[in-house]
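Chain letters run A, B, ... following the sequence lines, proteins first and then strands; every chain starts at 1.
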Amino acid sequence: AQSVTQLGSHVSVSEGALVLLRCNYSSSVPPYLFWYVQYPNQGLQLLLKYTSAATLVKGINGFEAEFKKSETSFHLTKPSAHMSDAAEYFCAVSPGGGAQKLVFGQGTRLTINP
Amino acid sequence: EPEVTQTPSHQVTQMGQEVILRCVPISNHLYFYWYRQILGQKVEFLVSFYNNEISEKSEIFDDQFSVERPDGSNFTLKIRSTKLEDSAMYFCASSPTGDNSPLHFGNGTRLTVT
């Protein structure tokens, strides 16, 4: 069985500061890992994905995430927060193969302070 | 850019009534999905659909739920006899292939059962 834990349901940072959103996963098979973002009144949009290639994955909008197998983590970072980054962020894991049965974390709401 | 569209954006229904949620996936995609998010809880997988049949479903997807692709463009989720606990945001998604191809989500339908 697979599971995802996102530490912190709400993270607040100042504009220009480092963004760090934490995600730990549990998987009995080599996982595929994803970060999705949800802006108000919109659907989930893929930020980036890890699929067993490079452990440091770069995504859209300046975000990146590093897969650390030893720590079972896939934390999302951005060096400098922008006001437009305010949204809800979801980490998800999938066993891969065929249809994607994503297992999501509970989400982290990111607030950017001016 | 092509997108997944869902209608209606908000549906209110009385307990025991049937409801149909509609989705138009991206036209060249082959895999279709329904996920839901009860307020304050995680996004949960309901069902995946490929080659005109259900490829996988979760424990949530019981006999009250059904999916259909009635023509070449629509993908519907039917709940036969709604319960209060079916109140949630329902997301449709599609992907071009299975495995690690990213899911494209619609903006969701908020279902309120009274």
Side-chain angles (χ1 to χ4, degrees), chain A residues 1-7 9-10 23-27 29-54 57 59-60 63 65 67 74 87-109, chain B residues 1-7 9-10 23-26 29-61 67 75 89-110:
Chain A
Q2 299 184 311
S3 66
V4 172
T5 301
Q6 290 182 241
L7 297 175
S9 59
H10 193 185
C23 172
N24 288 89
Y25 70 91
S26 171
S27 178
V29 298
Y32 295 143
L33 293 159
F34 305 83
W35 276 99
Y36 282 85
V37 60
Q38 184 181 30
Y39 298 103
N41 301 314
Q42 294 188 28
L44 286 80
Q45 179 184 0
L46 181 71
L47 270 180
L48 49 80
K49 65 178 182 180
Y50 166 76
T51 58
S52 75
V57 181
I60 62 171
F63 284 94
F67 173 70
F74 191 58
E88 184 120 21
Y89 292 79
F90 295 91
C91 183
V93 63
S94 168
Q100 290 210 61
K101 183 180 175 182
L102 291 175
V103 175
F104 283 89
Q106 70 271 35
T108 298
R109 182 166 298 281
Chain B
E1 183 177 335
E3 57 182 28
V4 176
T5 57
Q6 291 186 244
T7 55
S9 57
H10 192 186
C23 170
V24 179
I26 295 173
H29 285 189
L30 301 179
Y31 286 79
F32 313 113
Y33 309 82
W34 285 100
Y35 285 76
R36 79 172 185 188
Q37 184 180 28
I38 295 171
L39 188 64
Q41 298 186 26
K42 296 182 180 184
V43 177
E44 303 171 291
F45 168 81
L46 290 179
V47 66
S48 60
F49 192 85
Y50 170 71
N51 200 25
N52 286 320
E53 61 183 22
I54 291 174
S55 53
E56 192 162 359
K57 60 183 180 179
S58 71
E59 293 177 352
I60 303 166
F61 195 87
V67 289
F75 180 52
M89 181 72 90
Y90 288 81
F91 292 105
C92 174
S94 67
S95 63
T97 62
D99 209 24
N100 62 8
S101 66
L103 272 62
H104 297 251
F105 285 85
N107 288 349
T109 293
R110 180 166 297 284

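- When each of B:F45, B:F91, B:F32 is scored by its heavy-atom pairs under 4.5 Å with chain A, the top score falls to B:F45.
- Between chain A and the residues B:P102, B:S9, B:C92, B:G108, the most heavy-atom pairs under 4.5 angstrom are made by B:P102.
- Taken to the nearest 0.5 Å, the NZ atom of A:K49 stands 6.5 Å off from the OG atom of B:S101.
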Can you list the steps and then say if B:Y35 with A:L44 is a side-chain contact (heavy atoms from CB on, under 4.5 Å)? CA-CA 11 Å; B:Y35 285 76; A:L44 286 80; over 6 Å; no
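- B:Q6 does not touch chain A: none of its heavy atoms, backbone or side chain, sits under 4.5 Å away.
- Atom CD1 of A:I60 has more than 12 neighbouring heavy atoms from other residues, nucleotides or ligands inside a 6.0 Å radius.
- Heavy atoms of A:Q45 lying under 4.5 Å from chain B are absent altogether.
- Closest approach of A:V4 to B:K42, counting heavy atoms only: O-NZ, 3.3 Å.
- No part of A:V103 comes within reach of chain B, as not one of its non-hydrogen atoms sits under 4.5 angstrom from that chain.
- For A:T51, there are no side chain to side chain donor-acceptor pair (under 3.5 Å) partners two or more places apart in sequence or in a different chain.
- Panel note: side chain A:Y36, backbone B:L103; a donor-acceptor pair is recorded below 3.5 Å.
- Contact of A:L102 with chain B is made through backbone and side chain together, with heavy-atom distances under 4.5 Å.
- Here B:Q37 contributes atom CD and A:Q106 contributes atom CD; the two are 11.0 Å apart, rounded to the nearest 0.5 Å.
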